[in-house]
Number of protein chains: 2
Amino acid sequence: MSEKRKQIIEAAAKSFSLFGYKATTMDQVAKMANVGKGTIYTFFKSKEELLEEIVSSIISEIKCEADAAIDQSLSFNENVQRALQRIFTFRKEHELTIKLLQEVRDIGTPAVRDVMKRLDREMIAYVRGKIEEAMAKGEIRSCDSELTAFLMFKMYIALNVEWEKEHEPLSQQKIAELFHLYLLKGLSP
Amino acid sequence: MSEKRKQIIEAAAKSFSLFGYKATTMDQVAKMANVGKGTIYTFFKSKEELLEEIVSSIISEIKCEADAAIDQSLSFNENVQRALQRIFTFRKEHELTIKLLQEVRDIGTPAVRDVMKRLDREMIAYVRGKIEEAMAKGEIRSCDSELTAFLMFKMYIALNVEWEKEHEPLSQQKIAELFHLYLLKGLSP
DNA sequence: ATATTGACCAACTTGTTCATTTAGTCATTC
DNA sequence: GAATGACTAAATGAACAAGTTGGTCAATAT
């Protein structure tokens, strides 16, 4: 894999998380990556595709971290909870996701909105996979995996993001308890 | 209560739900209400206060409808479910709430955003009241009523509004089942 | 040949001006 | 004294100029 390609991705990722997608110019990226602007276009057909590439690797990274949080000796409930906690901790602490979510909220840049929507969809798909595994093993009762993953994800957003808009933030401990109490009890076999 | 005041409220409500808050002018409201523009300001100190007044009566109306859906002979689970269903059916079918929610989404008019936020807060407070009643009666186990009401509301938004953005809408029947399965099981005493 | 480049261009933003519109007031009318 | 609509200051937006920026491509370097 080309060295220049890596430089470009790295420069763009840094600039996106520093200034946001809209405020990053391709001239800027070229300068930071020590390449001519034209070179960027031999690897990526547009600024948007460059963003997509970067977000794709973020998605892989998140999935990887979530997988690392899973411990086969624990129950499905414990594991899905740990995976979701990882996913949202990442979202909250990673410079780039913070900046991009801000940009969607404040400016609504369409390209960024789309790409963050994809990130959400992929996280839901990830959880869905875990649910299907657990169903196959008989760890949880049969259910619509898409719907269940969707609800788990939305509940985590409610607890991690929306609650804080009008109340004191909840500790991860408290979120885990609530998640268990409200959502998982309904899935026990 | 003044007849003119009623005319003004009625005219404004009609214009807001027809054209939205921003696109409604006070001249327009005065004309529709058959009063001079100055008269509006003897009853309301600003356009924003006029909107607040109208939304306040919407809130009362929704609470009233939700109360009507409650049947003392049924369980808490049944009733909270019926009340929430009423609230969201109203939101979805009432001309004015539809138009105002659109306006928040598309233009983000601050006055409208604030007033719709208040509507949400009041609906959560309403549900919270029902939860506290049920706790007092021992119908459900003890819990943080604010947090529980918040989660119930967010779950209903997820099922009624957000799911439809990427999937086929769910029937009210299906929503009731899911709500019961996922959220209420965790509250049984 | 192939990879790289940066000057170049069309499309899009941004800044500015100026005419129109509109929320809110108040002297006048009924 | 309640109601009004002409009036005003502020906000909006249309129109235009100036400046940026994403993307291309002929020229250059390897």
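Here is the naming used below: chain letters follow the sequence lines, and residue numbers restart at 1 for every chain.
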Practice problem: List in chain and number order the residues that pass side-chain hydrogen bond (donor to acceptor under 3.5 Å, both in side chains) with A:Glu162, two or more places apart in sequence or in another chain; answer none if no residue qualifies. | Solution: B:Lys154
Quiz item: How does DNA chain C look in dot-bracket form if you count Watson-Crick and G-U pairs under 3.5 Å, write [ ] for pairs that cross, and put | where a base pairs with another strand?
Solution: ||||||||||||||||||||||||||||||
Self-check item: Contact boundaries on DNA chain D for chain B, cut-off under 4.0 Å to non-hydrogen atoms
Solution: D:dA3 to D:dG13
Quiz item: Near DNA chain C, under 4.0 Å by heavy atom, which residues of residues 27-45 of chain A?
Solution: A:Val35, A:Gly36, A:Lys37, A:Gly38, A:Thr39
Quiz item: Under the salt bridge (charged side-chain N to carboxylate O under 4.0 Å, His left out) criterion, do A:Arg128 and A:Glu132 qualify, and how do the steps go?
Solution: CA-CA 6 Å; A:Arg128 180 183 182 169; A:Glu132 281 175 355; 3.3 Å; yes
Quiz item: Please give, in whole Å, the distance from C:dC12 C1' to A:Lys47 NZ?
Solution: 12 Å
Quiz prompt | All salt bridge (charged side-chain N to carboxylate O under 4.0 Å, His left out) counterparts of B:Glu61, not counting sequence neighbours | solution = none
Self-check item: With B:Gln28 via side-chain hydrogen bond (donor to acceptor under 3.5 Å, both in side chains) - residues at least two apart
Solution: none
Quiz item: Tell me: CD of B:Glu49 to C1' of C:dA23, nearest whole Å?
Solution: 14 Å
Quiz item: Do the ring planes of A:Phe153 and A:Phe88 sit parallel (below 30°), tilted (30 to 60°) or perpendicular (above 60°)?
Solution: tilted
Practice problem: With the side chain counted from C-beta on, respond yes when B:Thr148 and A:Tyr182 share a heavy-atom pair under 4.5 Å apart, and no when they do not. | Solution: yes
Quiz item: Taking A:Asn79 for the side chain and A:Asp71 for the main chain, is one N or O donor matched with an acceptor at less than 3.5 Å?
Solution: yes
Practice problem: Name every residue in residues 108-119 of chain B that has at least one heavy atom under 4.0 Å from any atom of DNA chain D, in order of residue number, or write none if there are no such residues. | Solution: none
Quiz item: Would you say A:Glu95 has more than 12 foreign heavy atoms packed within less than 6.0 Å of its CD?
Solution: no
Self-check item: Residues in side-chain hydrogen bond (donor to acceptor under 3.5 Å, both in side chains) contact with B:Glu52, at least two apart in sequence or another chain
Solution: none
Quiz prompt | d(CD1, A:Ile8; P, C:dT5) in whole Å | solution = 9 Å
Let me check something: any side-chain donor-acceptor pairs from residues 42-51 of chain B under 3.5 Å, sequence neighbours excluded? List them with distances.
unit_1	atom_1	unit_2	atom_2	d
B:Thr42	OG1	B:Thr39	O	2.6
B:Ser46	OG	B:Glu48	N	3.4
B:Ser46	OG	B:Glu49	N	3.1
B:Lys47	NZ	B:Tyr21	O	2.9
B:Lys47	NZ	B:Thr24	O	2.8
B:Glu49	OE2	B:Lys45	N	3.4

Practice problem: Linking directly or through intermediates, with side-chain heavy atoms under 4.5 Å: list the remaining ILVMFWY members grouped with A:Phe19, chain and number order. | Solution: A:Leu18
Quiz item: For A:Glu168, which residues count as a side-chain hydrogen bond (donor to acceptor under 3.5 Å, both in side chains) partner, sequence neighbours excluded?
Solution: none
Exercise. Quickly work out the A:Tyr21 OH to C:dT13 P distance and round it to whole Å.
Key: 12 Å
Self-check item: Pairs touching residues 104-119 of chain A that satisfy salt bridge (charged side-chain N to carboxylate O under 4.0 Å, His left out), sequence neighbours left out
Solution: A:Arg118-A:Glu122
